[in-house]
Chemist: 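Mind looking over this structure? Questions follow.
Quick caveat, the model's predicted, so the values are computed rather than measured. Excluded from the calculations below are hydrogen atoms, water molecules and symmetry mates; all remaining heavy atoms, backbone and side chain alike, are included. Proteins come first, then strands; the chains are lettered A, B, ... in the order of their sequence lines, and each starts at number 1.
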Amino acid sequence: MADGIEVAKVGDIADGEGLKVSRIRTGTLDDIAVFNDGGAFFALDDTCSHEEASLSQGWVEDGTVECPLHAACFSLKDGAVLSLPATKGVAAHRVEIVGDAIVVHPAADRLA
Amino acid sequence: MSLAPGGRVVVIGGGLAGVSLAEALRAGGHGGPIAIVDREPAFTDRPPLSKAAFVDDAPIEELALLTPDRIAELGIDARHGRNAVALDAAARTVELDDGTVLPADAIVLATGGRARRLAFPGGDSPLVHTLRTYADARAIRAAAAPGARILVVGAGLIGAELASSLRAVGADVVLVDPHPVPLVPAVGGRIAGILHAMHAAHGVDVRVGGIAALEDGEHAGQADAPSRPLASRPGSADGARTPGQEDERPPLRSPGSAPVPAPGRRATAVLNDGGRIEVDAVVLGVGILPGTELAEAAGLEVDDGIVVDARFRTSVAGVYAIGDVARPRAVDGSLPRRDEHWEAARLDGEALAAILLGQEPAPRGAGWWWSDRYGVHVEGVGRMDGDGEIVLREPVDAGGGYPVAFLLAGGRLAGAVSIDEPNAVRAARRLIDQGVPVTATLLADPSSSLRDLLRAAR
């Protein structure tokens with residue numbers, strides 16, 4: 001996986017939005033959510049650590065994503081949990097912009 | 001008054017408010033002792049008790065707000081399973097039911113509340129449940145075998161969620177509420193109607209009214225037999241509990257004296273329109289009573305909650321109250337109703353931590369809440385009743401989705417409620433808190449982006 005996986009073009013994810021990329025495509029344990037926060041791109045495991053919810057549907061703002069169900073807040077940079085009701089963080093994946101392509105490098109410990 | 005660096009904090013109540021306070025104190029650098037006294041076996045998050053945790057039979061560990069490791073890491077003196085029995089405000093000590101006396105520089109009452117019960121013949125029967133604690137949820141779950149029939153009294157948030165969860169585990173549900181459409185003040189008429197209709201659509205027998213009595217099952221259906229209310233539970237006279245005392249839950253029938261149960265349901269619920277429903281259990285979802293007993297005994301000002309000022313100070317120096325139990329006095333001296341929502345408790349804890357650390361708490365925005373039932377996610381912010389005009393944003397796809405409801409007052413948003421459209425409420429929340437001007441036309445137009453309104457205002 002050294003080359004990473006191209007998941008979308010930069011223009012595919014609007015500012016403040018997330019995109020869910022299937023685990024079938026990423027070869028990871030969980031789907032991966034890719035976020036555009038003010039033009040910076042981030043990738044986290046998609047499933048909230050609290051209950052079954054897709055973080056790709058969350059509210060993205062100021063380096064964080066709020067879970068769409070119960071508003072548990074996670075850092076986009078490293079997946080750390082920033083507020084209850086979640087008590088555990090989610091895995092973060094490195095994102096690289098190559099030309100206009102968003103390339104995700106899945107974290108080694110999250111490969112299926 | 002801020003806390004000295006080594007100041008001792010004793011928190012009574014290990015729910016969300018108390019735990020949030022402790023975490024925020026440590027995050028803010030407080031190094032002094034922090035004790036949390038809590039009657040439950042773990043610091044429990046309560047919203048899942050009527051939702052996923054109920055359906056999934058989640059162990060209590062999954063509902064813990066803090067893991068044991070995290071408690072140790074934070075250096076919290078966790079007194080699980082303990083009740084505070086006395087508060088000496090002058091000496092600033094808290095006495096526990098095991099005789100321990102905890103001295104404190106700041107005492108924080110985060111005692112929450114207990115589920116309200118209703119007075120009716122048979123109302124003290126062990127078949128009548130309420131839902132506040134993990135043990136309550138387990139008892140209801142145990143009564144809800146597939147095919148069991150449960151009467152849920154009250155179709156507010158808890159009653160509605162529980163009705164959904166009971167259906168999910170295969171129970172028959174009868175839901176009774178005095179309002180033909182409950183929750184209108186909380187969510188507006190349109191959304192309230194949609195939500196309430198989901199009960200019947202999921203096979204719930206929905207009634208209007210209340211419960212008048214619960215009669216013994218052996219007489220169910222025998223018109224000539226005198227009906228008699230079910231026997232009371234021992235020691236459960238309403239309102240006579242000492243702070244923290246847990247309800248006894250005796251066996252359904254005492255061993256030895258129990259006749260072979262008659263086939264059919266365990267009891268007959270009589271509704272106040274005279275309707276009779278054979279049931280196996282009753283659950284009351286009719287709100288909470290604030291846990292003020294300790295405060296009252298200590299001479300603190302209490303009025304349907306512990307009265308506090310904007311900085312959570314009770315009428316006695318060094319004693320604070322946060323969360324469901326706290327009733328903050330408004331600047332004009334009035335006492336608005338207590339806020340019993342989850343996030344408010346968390347923000348109370350964080351705000352008091354800032355105050356105790358000598359910092360200004362973050363400004364409090366419009367209140368936010370959620371509810372999950374029948375596979376949909378409801379959330380709301382601000383208010384949906386009072387001055388203003390309700391504006392509905394219909395779903396783009398007329399065949400699917402739900403409207404978003406807004407309350408527009410004076411050219412600004414005052415509230416919003418959505419079903420399965422959380423980001424509309426997340427946007428609305430920011431529009432409310434930032435006082436961004438909006439129009440009914442924009443709000444009603446599903447093609448207009450609320451997020452763009454926010455961006456434009458920046």
Chemist: Is it the side chain or the backbone of Trp369(B) that comes within 4.5 Å of chain A heavy atoms, both, or neither?
Modeler: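 Looking at Trp369(B), nothing touches chain A.
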
Chemist: With a 4.0 Å cut-off, would you call Arg451(B) and Asp15(A) a salt bridge?
Modeler: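 Looking at Arg451(B) and Asp15(A), the cut-off is not met.
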
Chemist: Between Pro47(B) and His70(A), is any pair of side-chain heavy atoms under 4.5 Å apart?
Modeler: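 The answer is no, as the side chains (C-beta and beyond) never meet within the 4.5 Å cut-off.
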
Chemist: When you measure from the side chain of Arg426(B) to the backbone of Pro68(A), do you find a donor-acceptor pair of N or O atoms at a distance under 3.5 Å?
Modeler: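 Checked: pair present.
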
Chemist: Tell me, for Glu62(B) versus chain A, whether the close heavy atoms (under 4.5 Å) come from the side chain, the backbone, both or neither.
Modeler: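 Nothing of Glu62(B), per the 4.5 Å heavy-atom cut-off to chain A.
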
Chemist: Salt bridge (Lys or Arg N to Asp or Glu O under 4.0 Å) for Glu61(A) and Arg430(B)? Distances and angles first, verdict last.
Modeler: CA-CA 11 Å; Glu61(A) 186 175 73; Arg430(B) 289 156 175 90; 3.0 Å; yes

Chemist: Let me confirm one number: the OG1-CG distance from Thr87(A) to Leu65(B), rounded to the nearest 0.5 Å.
Modeler: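 Here the rounded value is 8.5 Å.
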
Chemist: Please flag which part of Arg70(B) lies under 4.5 Å from any non-hydrogen atom of chain A: side chain, backbone, both or neither.
Modeler: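 The answer is neither part of Arg70(B).
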
Chemist: If I measure from the heavy atoms of chain A, does Ser20(B) come under 4.5 Å with its side chain, its backbone, both, or neither?
Modeler: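 Interface part for Ser20(B): side chain.
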
Chemist: Is there a donor-acceptor pair closer than 3.5 Å between any side-chain N or O of Asn423(B) and the backbone N or O of Gln57(A)?
Modeler: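 Flag set: sc Asn423(B) to bb Gln57(A) pair under 3.5 Å.
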
Chemist: Side chain from CB out, backbone as N, CA, C, O: work out which of these in Leu454(B) comes under 4.5 Å of a heavy atom of chain A, or both, or neither.
Modeler: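 Contact with chain A is through the side chain of Leu454(B) alone.
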
Chemist: Is chain A contacted by the side chain of Ala427(B), its backbone, both, or neither, given a heavy-atom distance below 4.5 Å?
Modeler: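 Looking at Ala427(B), backbone and side chain both touch chain A.
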
Chemist: For chain A, which of Glu350(B), Glu379(B), Glu23(B), Arg455(B) has the most heavy-atom pairs under 4.5 Å?
Modeler: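 Among Glu350(B), Glu379(B), Glu23(B), Arg455(B), the one with the most close pairs to chain A is Arg455(B).
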
Chemist: Measuring heavy-atom distances to chain B, does Ala86(A) have an atom under 4.5 Å in its side chain, in its backbone, in both, or in neither?
Modeler: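 No part of it gets close to chain B.
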
Chemist: Heavy-atom distance under 4.5 Å to chain A: side chain of Asp372(B), backbone, both or neither?
Modeler: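 The side chain, not the backbone.
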
Chemist: Hey, does Pro422(B) have a side-chain heavy atom less than 4.5 Å from the side chain of Trp59(A)?
Modeler: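 Not touching, per the 4.5 Å side-chain cut-off.
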
Chemist: Just how far is it from atom SG of Cys67(A) to atom NE2 of His377(B), taken to the nearest 0.5 Å?
Modeler: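 Atom-to-atom, Cys67(A):SG and His377(B):NE2 are 8.0 Å apart.
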
